Amino acid sequence: MSLWDQTAADLLKATASHKPTPGGGSVAALSGAFGVGLLSMALTISRNKAQKAGKELSPELSATLERLQNIQARLQALADEDVAVFRKFVDATKLPKDSEEEKQARAQALAEAGEAARAAPLEIARQCVQALEEAEGTVHEVHPEVVSDIGAGASLLRGAIDATLLTVDINLLRLSDDEKAPLQAQRDALEQQGHERAERLLKQAQTQIAEQQD
């Protein structure tokens with residue numbers, strides 16, 4: 001059953017329960033998807049208001065909206081994927097290990113599951129960073145009434161990045177230094193890019209709101 005088929009109340013209950021899923025990675029993907037949703041909402045409302053005023057949203061912003069919708073769909077899928085890869089890892093730990101063949105099969109299954117468990121949260125972070133990149137520059141183009149939603153979306157995306165990278169961190173503990181190095185580099189780059197882009201977007205939104213008060 002997809003996380004997205006549950007009610008919000010049931011999903012929250014499951015998250016707060018004794019069960020290990022949905023955990024940090026999948027909840028980060030959920031949060032990221034909602035963050036992208038706020039960005040998309042701001043652009044959609046701006047487009048509708050422009051049309052009512054006899055104007056059109058710029059082709060660039062229309063293309064941005066489409067790309068954001070694609071990122072949101074990817075994050076939705078990644079939320080379920082993160083749950084699935086965790087279950088795959090748990091299943092691998094339960095494989096028999098009596099014979100040498102069983103030990104080898106178990107080790108292979110654990111290695112494959114571990115790789116997937118590291119790839120999923122990294123991809124969640126990557127999609128969140130991409131959404132922030134797409135949203136840069138939109139603050140000055142959207143309707144003033146939804147500028148706060150751009151900032152709110154950026155804030156959720158930054159939180160999602162931080163959350164999912166913690167999942168990456170704990171999964172990297174199983175690797176040797178040589179195995180860890182390239183993944184650590186990816187992780188650190190995504191963190192830096194995500195923080196910088198979210199900070200810029202949030203400051204732009206705050207500045208626009210302050211100017212409306214003047």
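Numbers here simply count residues along the sequence, with the first being 1. Source: prediction; values computed, not measured.
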Task: Reported CD-to-CG distance for the pair Q127 and L122, which is rounded to 0.5 angstrom - done: 12.0 Å
Task: salt bridge (charged side-chain N to carboxylate O under 4.0 Å, His left out) pairs, two or more places apart, involving residues 134-153 - done: K49-E145, R67-E134, E136-R197, E136-R200
Listing, residues 177-184 side-chain donor-acceptor contacts under 3.5 Å, not counting sequence neighbours, or none:
residue	atom	partner	partner atom	Å
E179	OE1	S176	N	3.0
E179	OE1	S176	OG	3.3
Q184	NE2	D188	OD1	3.0

- [ ] Run through the side-chain heavy atoms of Ile, Leu, Val, Met, Phe, Trp and Tyr, join any pair under 4.5 Å, and report what else lands in L166's cluster.
- [x] none
TODO: List, by chain and then residue number, the residues other than L95 in its hydrophobic cluster (Ile/Leu/Val/Met/Phe/Trp/Tyr, side-chain heavy atoms under 4.5 Å); write none if there are no others.
DONE: none
Open item on the list: Under the rule for side-chain hydrogen bond (donor to acceptor under 3.5 Å, both in side chains), what residues qualify as partners of S17, not counting sequence neighbours?
Closed with: none
Task: Residues that Q104 engages under side-chain hydrogen bond (donor to acceptor under 3.5 Å, both in side chains), provided they are two or more places apart - done: none
Could you pull out every donor-acceptor pair under 3.5 Å between side chains of residues 22-37 and any protein atom, sequence neighbours left out?
residue	atom	partner	partner atom	Å
S26	OG	G23	N	3.0
S26	OG	G23	O	3.2
S31	OG	V27	O	3.0

Open item on the list: Just to verify, what does R126 make a salt bridge (charged side-chain N to carboxylate O under 4.0 Å, His left out) with, not counting sequence neighbours?
Closed with: E123
- [ ] Could you tell me which residues satisfy side-chain hydrogen bond (donor to acceptor under 3.5 Å, both in side chains) with N48, sequence neighbours excluded, listed by chain and number?
- [x] none
- [ ] Enumerate the residue pairs fulfilling salt bridge (charged side-chain N to carboxylate O under 4.0 Å, His left out) with a member in residues 29-42, sequence neighbours excluded, ordered by first and then second residue.
- [x] none
Open item on the list: Please enumerate all residues that pass side-chain hydrogen bond (donor to acceptor under 3.5 Å, both in side chains) together with R47, with sequence neighbours excluded.
Closed with: none
Task: All pairs passing salt bridge (charged side-chain N to carboxylate O under 4.0 Å, His left out) where residues 79-104 contributes a residue, at least two apart - done: R74-E81
